[in-house]
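To start, the structure under review is shown below, and the notes come after it.
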Amino acid sequence: MSALPGAPYLARRPDGALVLEGHALDALASRYGTPLYVYSRGAMRAALASYQQALRGREHLVCYAMKANSSLAVLQTFAEAGAGFDIVSGGELARVLAAGGQASRIVFSGVGKTRDEMRAALLAGGTGVRCFNVESLPELDRLDQVARSLGRVAPVSLRVNPDVDAGTHPYISTGLKGNKFGIAHGEAVAAYRHAASLPGLKVVGIDCHIGSQITQIAPYLDALDRLLDLVEAVEAAGIAIHHVDVGGGLGITYTDEQPPAAADLVSALLARLDARGHGHREVLFEPGRSLVGNAGVLVTTVEVLKPGRTNDGGKNFCIVDAAMNDLVRPAMYEAWMAMEPCQRREGAALTWDVVGPICESGDWLGRDRALALQPGDRIAILSAGAYGMVMASNYNTRPRAAEVMVDGDTLHLVRERESVAELFAHERLLPR
Ligand code: LLP
């Protein structure tokens with residue numbers, strides 16, 4: 001057996017089969033069809049445990065950012081393992097409650113919470129959610145009104161924009177000036193004073209989230225320093241802050257990235273909290289990608305091989321049955337996702353652009369990949385557990401993929417493949 005980079009849950013058997021926790025992906029594809037997302041429950045549990053163990057002995061809560069993968073079975077797995085959740089919509093709230101998540105362990109992020117979403121979150125589970133991560137002054141006022149109309153007091157943390165560069169893709173970098181997230185560092189003390197003056201709110205914490213797919217510890221330490229400066233200023237103004245939420249964003253290995261281990265990130269942050277005299281505070285994290293990304297693959301079948309014309313040096317196209325609607329990261333961020341044949345075959349590899357059948361040139365999954373392939377072969381796209389299925393659409397009236405959770409010896413079909421009829425079930429023809 002040989003392990004694959006960034007995919008400790010996957011291995012190549014001596015007979016050439018790619019296996020996930022001992023299950024051949026080719027066999028799963030035959031049984032459930034493709035495109036198929038396959039997840040390792042063990043890998044998800046291990047990823048969460050690495051945060052939790054590094055935080056042992058401290059007051060803490062690891063809130064899984066469920067936007068990364070919101071399948072009920074994934075949420076259930078994390079709820080059973082003691083995680084909290086970071087949500088960004090009323091839909092995510094309903095979903096996580098349905099999966100067994102506790103309201104008292106939910107933090108509610110997002111720049112545009114509606115009144116209805118606030119109401120649902122204030123009433124969730126009887127107690128309401130644990131905390132609202134508030135991103136603007138108007139949101140403070142709106143939340144105060146909604147809470148008072150229900151006779152509740154909303155626990156709030158202000159999301160501060162620390163203005164640090166996380167060194168990541170511009171679309172997923174969120175901690176710099178000039179993007180829509182958070183309250184500017186220079187305005188935060190005034191915002192806390194305002195929050196503390198509103199009877200429908202209770203200040204409980206401070207938070208930030210500086211971006212995603214971060215591969216260094218330094219930007220986190222910079223952000224934490226900026227947060228702690230504010231905590232000191234806010235407390236000097238007589239407003240107590242209980243928890244510090246450092247957000248999510250830890251990267252994973254897609255190709256040759258070497259992000260720090262979660263345990264190393266946690267220890268570095270705890271050491272900085274201690275050094276600055278804040279070691280007593282409760283610490284919250286909001287990891288998404290690092291809990292699920294490397295725990296999942298998308299399996300797809302080669303439909304058509306279309307070699308380039310030799311006389312014009314054209315590209316070789318490998319057209320598969322998954323497309324940008326199933327996995328949009330390459331099209332949207334030019335993201336590089338590793339690909340492995342589910343069954344290795346002898347023969348020379350050619351260089352392929354692996355593309356979907358959708359009528360757009362942007363519909364590609366991988367470019368210039370050296371693979372030995374025949375039609376009917378299956379390819380696993382690795383590290384697809386995060387921001388894969390959750391970003392899927394029905395473009396070209398394509399039903400979304402099925403999902404399988406592997407739990408040791410047991411296979412669970414945790415989402416059936418959509419049927420075409422379901423795609424237009426809510427539509428109505430005009431009167432004829
Ligand atoms: N907390 C907040 C407030 C966030 O906005 C996010 C992600 C997270 C936590 C979790 O970040 P993570 O640990 O997963 O990096 N679709 C993009 C990623 C968008 C991330 C958005 N916010 C992608 O496929 O790369």
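For this chain, numbers begin at 1 and follow the sequence in order. Model, not experiment: these values are computed from the prediction. Indexing begins at 1, ligand by ligand and atom by atom, following the structure's order. These numbers come from the heavy atoms of this one structure, side chains and all, not from hydrogens, waters or symmetry mates.
- Annotation: cation-pi geometry satisfied between Lys113 and Phe108 (NZ/CZ under 6.0 angstrom from ring centroid, within 45° of ring axis).
- The contact set between ligand 1 and Gly249, taken as ligand atoms under 4.0 Å from a residue heavy atom, comprises 11 (O), 12 (P), 13 (O), 15 (O).
- Of the heavy atoms in Ala65, only side-chain atoms (C-beta onward) come closer than 4.0 Å to ligand 1.
- Tyr51 has its ring centre less than 6.0 Å from the ring centre of Phe285.
- Between the side chains of Asn325 and Arg398, at least one donor-acceptor pair of N or O atoms lies under 3.5 Å.
- Judged by a 6.0 Å distance limit and a 45° cone about the ring axis, Arg369 is positioned over the six-membered ring of Trp336.
- Around atom 6 (C) of ligand 1, the closest heavy atom drawn from Arg289, Lys67, Glu286 belongs to Lys67.
- At under 3.5 Å, not a single nitrogen or oxygen of Ser290, backbone or side chain, sits near a nitrogen or oxygen of ligand 1.
- Among the atoms of Gly288, some N or O lies under 3.5 angstrom from an N or O of ligand 1.
- For the pair Gly247 and ligand 1, the shortest N or O to N or O distance does not fall below 3.5 Å.
- With no hydrogens or angles considered, no side-chain donor-acceptor pair links Thr34 and Thr300 at under 3.5 Å.
- Each of the atoms 16 (N) of ligand 1 lies under 4.0 Å from some heavy atom of Met391.
- No side-chain donor from either of Ser212 and Tyr387 sits under 3.5 Å from a side-chain acceptor of the other.
- Residue Arg159 approaches ligand 1 through these ligand atoms, each under 4.0 Å from one of its heavy atoms: 3 (C).
- Atom CD of Glu282 has more than 12 neighbouring heavy atoms from other residues, nucleotides or ligands inside a 6.0 Å radius.
- Close N/O approach between Asp86 and ligand 1 is found [any backbone or side-chain N/O within under 3.5 Å].
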